[in-house]
J.: 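I have a structure here, written as structure tokens, and I will follow up with some questions on it.
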Protein chains: 2
Amino acid sequence: MAAEKESSAGRLKTSIEAEILSGRLLPGERLDEQVLAARFVVSRTPVREALMQLSSAGLVQIRPRQGAFVARLSIRQIVAMAEFLTELESLAAEYAARRMTPEERRQLRQIWDESAACVASLEVERYAECNRCFHEAIYAGSRNEYLAQQLITIRARIRLYQRYPFQQPGEIANSFAEHGRIVEAIHEGMADQVRAQMRAHLLRGSHFFADMVATLPDALDTDGTDAA
Amino acid sequence: MAAEKESSAGRLKTSIEAEILSGRLLPGERLDEQVLAARFVVSRTPVREALMQLSSAGLVQIRPRQGAFVARLSIRQIVAMAEFLTELESLAAEYAARRMTPEERRQLRQIWDESAACVASLEVERYAECNRCFHEAIYAGSRNEYLAQQLITIRARIRLYQRYPFQQPGEIANSFAEHGRIVEAIHEGMADQVRAQMRAHLLRGSHFFADMVATLPDALDTDGTDAA
DNA sequence: ATACAAATTATTGTATACCATTTAGTCATT
DNA sequence: AATGACTAAATGGTATACAATAATTTGTAT
């Protein structure tokens, strides 16, 4: 958790990742090594290192002898990831219901309580943050490092294609209410029910996701390999 | 699919990965940059690149100022991966039951038919190969690239710690019978039942796995971070 | 004018070099 | 004998130079 001294490559990775995840760098965009090196006032070496790491994370696609591009997912791939994410979240919720300590269950309820403040005031950004905390608390409670890590990675990647999750009217209230039922069921350790609830929660959310995918610009509607 | 000319770093990555996954390089073993550079007749740069990529993939652990080592998983991590694998296999089986084409269902049955030959003759190696084909056919049938890729990756990693899966007496016969029931249920598209059967199939198999873990040499019984 | 071929340009991939930091090993001192 | 300091070696990080290749542009011929 401690920040310590970070290497140039580390800073680069963080910065570029942030620009991709925030949408400032769009899928398919070229990531020129020299341009990045100049921008961050370093040599190409740490730039290449950062790009390689982002490539491993799936955020950047490196085509041999052609350079690095912000990863571009096909509709098919996005749907596959969303489907996968739904099942993994449900699984984590089930494990959490079975494995969380009383203290962790209290903390989860507290996170939910705190998110209540954003519901009435319609603070979209802040609720999105609360939402992330809520889900990540469940990841940790699943007591399966590997599962938790996968979830964080997939969430980060898919977020790119799901930019305004809580802007639909009533969406914050819906999410909040569903979270409340999940908190309750986790508190009582009803594992199977928690799993079903989490799946329903995400499936309902992905309707908005599907709507958004359906209105994507044509530029993103490729299989991701033959980008111009 | 085409191999083409591969970069030095790419060749290194592939070679080292193969040596790790095949067990020629054992968990905990040191990967000296200079030695590798000399062996493959390249400079340190591509070696470092390959090691970093393998580190991202989890096959290699880089300890600051001490170099790279073949990743060593703790019991906790192995159990987490096995648990995760079980759920993913079950999920893939459910999807396969819902999504496989008639042709794919026929092929799956054929794979199973061919594996019958190894049951009576107790050909352990060949049955292991049939087993892999069987499971990979289901991965493909799940029609979820991401899920399929995850499964292949996890299987490859966990295989290192599960070296003799079909040597227990009667284990081949058990596995074959369970596969038969799964083939049947997939053929009839009974998705929920297939999922439950696959889970049971793997959980029973993991008893042997747990037995093996319990008898691991002490050298592997660490949390993977403080290895001597 | 267009299409195809050749040369140039630009960029990736690799090699080499440098410095700082740290670990491990050796030697000396108590 | 044990502990401490000093030295040597190797990693981590970065920079720069060179080689190989892909993209682009230019030129020529039909």
Side-chain angles (χ1 to χ4, degrees), chain A residues 2-17 20 25 28-72 219 222 224-228, chain B residues 2-17 20 25 27-72 222 224-228:
Chain A
E4 307 190 7
K5 292 185 256 181
E6 208 177 3
S7 66
S8 293
R11 282 191 297 105
L12 283 187
K13 186 194 168 210
T14 307
S15 299
I16 298 172
E17 185 176 27
I20 293 176
L25 288 171
E29 197 160 331
R30 179 99 193 288
L31 295 169
D32 189 292
E33 292 182 359
Q34 299 193 50
V35 172
L36 289 170
R39 257 188 56 192
F40 291 96
V41 198
V42 290
S43 77
R44 279 175 53 213
T45 309
V47 172
R48 285 173 60 81
E49 183 175 333
L51 290 178
M52 274 173 31
Q53 291 179 244
L54 290 170
S55 171
S56 293
L59 283 167
V60 161
Q61 181 186 7
I62 294 178
R63 291 208 284 276
R65 289 281 164 197
Q66 286 187 257
F69 302 80
V70 180
R72 155 184 291 180
T222 72
T225 60
D226 57 2
Chain B
E4 306 189 6
K5 292 184 250 186
E6 210 177 4
S7 66
S8 294
R11 281 190 299 107
L12 282 188
K13 188 192 168 213
T14 306
S15 298
I16 299 173
E17 185 176 29
I20 293 176
L25 288 171
E29 198 159 332
R30 179 99 195 285
L31 296 168
D32 188 291
E33 290 183 1
Q34 299 191 35
V35 172
L36 288 170
R39 253 189 61 192
F40 290 95
V41 198
V42 291
S43 74
R44 274 177 62 202
T45 308
V47 173
R48 288 170 57 80
E49 183 172 324
L51 291 178
M52 276 174 33
Q53 289 180 240
L54 290 170
S55 170
S56 292
L59 282 168
V60 160
Q61 181 187 10
I62 295 177
R63 290 208 285 275
R65 293 289 157 191
Q66 284 187 260
F69 301 80
V70 179
R72 154 184 290 180
T222 71
T225 61
D226 58 1

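Below, chain A is the first sequence line, B the second, and so on; all start at residue 1.
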J.: What is the distance, to the nearest angstrom, from the CE atom on M52(A) to the P atom on dT12(C)?
T.: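 One finds 14 Å between P of dT12(C) and CE of M52(A), rounded.
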J.: Would you kindly give the CD-to-P distance between Q34(B) and dA8(D), to the nearest whole Å?
T.: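 Atom CD in Q34(B) sits about 17 Å away from atom P in dA8(D).
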J.: NA contact type, L51(B), heavy-atom cut-off 4.0 Å: base, sugar-phosphate, or nothing?
T.: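 Contact class for L51(B): none.
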J.: Between V42(A) and R30(B), name the one whose nearest nucleotide on DNA chain D is closer to the 5' end.
T.: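 Checking each residue's closest nucleotide, the 5'-ward one belongs to R30(B).
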J.: Could you say whether Q66(A) or R44(A) is positioned toward the 5' end of DNA chain D, judged by the nucleotide with the nearest heavy atom to each?
T.: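 By nearest-heavy-atom nucleotide position, the 5'-most residue is R44(A).
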J.: Rounded to whole Å, please give me the gap between CG in L36(B) and C1' in dA10(D).
T.: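 In whole Å, dA10(D) C1' and L36(B) CG are 14 Å from each other.
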J.: From dT16(D), dA20(C), dT14(C), pick the nucleotide closest to the side chain of S43(A)?
T.: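 The nucleotide sitting nearest to the side chain is dT16(D).
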J.: Give the rounded distance in Å between these two atoms: CD of Q53(A) and P of dG13(D).
T.: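 Those two atoms, CD and P, are 9 Å apart.
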J.: Rounded to whole angstroms, how far apart are CZ on F69(B) and C1' on dT23(C)?
T.: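 For the pair F69(B) CZ and dT23(C) C1', the rounded distance is 11 Å.
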J.: Could you tell me how far apart D32(B) (CG) and dA9(D) (C1') are, to the nearest whole angstrom?
T.: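 These atoms are roughly 11 Å apart.
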J.: Taking only the side-chain nitrogens and oxygens of T45(A), find out if one of them lies under 4.0 Å from OP1 or OP2 of dT14(D).
T.: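 Result: no.
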J.: Side-chain donor or acceptor of R65(B) under 3.5 Å from a matching atom on the base of dT21(C)?
T.: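 A donor-acceptor contact between them is present.
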J.: Return no unless some side-chain N or O of R48(B) is found under 4.0 Å from OP1 or OP2 of dG12(D).
T.: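 Affirmative; the distance criterion is met.
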J.: Take atom CZ of F40(B) and atom P of dT14(C), then tell me their distance rounded to the nearest Å.
T.: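 Computing the F40(B):CZ to dT14(C):P distance gives 14 Å.
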J.: Contact class for S8(B) (heavy atom, under 4.0 Å): base, sugar-phosphate, or nothing?
T.: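 Counting heavy atoms under 4.0 Å across all strands, the contact made by S8(B) is with sugar-phosphate only.
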J.: Rounding to a whole Å, what distance do you find between E49(B):CD and dG12(D):P?
T.: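 The distance from CD of E49(B) to P of dG12(D) comes to 15 Å, rounded to the nearest Å.
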J.: Any chance you could measure I16(B), atom CD1, to R39(B), atom CZ, to the nearest 0.5 Å?
T.: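 Here the rounded value is 7.5 Å.
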J.: I62(B) has a side chain; which of dG13(D), dT12(C), dG12(D) sits nearest to it?
T.: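 Side chain of I62(B) sits closest to dG12(D).
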J.: With rounding to the nearest 0.5 angstrom, report the CG to CD1 distance, L54(A) to I20(A).
T.: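 Rounded to the nearest 0.5 Å, the CG-CD1 separation comes to 5.5 Å.
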J.: Hey, are the side chains of E49(B) and R48(A) touching, using non-hydrogen atoms and a 4.5 Å cut-off?
T.: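 Answer yes - side chains close enough.
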J.: Please report the C-alpha distance between L36(A) and L12(A) in whole Å, then the side-chain angles of each, then the deciding distance to 0.1 Å, and finally whether the side chain to side chain contact (heavy atoms under 4.5 Å, CB included) criterion is met.
T.: CA-CA 9 Å; L36(A) 289 170; L12(A) 283 187; over 6 Å; no
J.: Look at the side chain of T14(A) and the backbone N and O of G10(A), then say whether any donor-acceptor pair between them is shorter than 3.5 Å.
T.: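 Yes; judged by distance alone, with no hydrogens or angles, the pair exists.
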J.: Closest to the E33(A) side chain: dT21(C), dT12(C), dT14(C)?
T.: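 Nearest nucleotide to the side chain: dT12(C).
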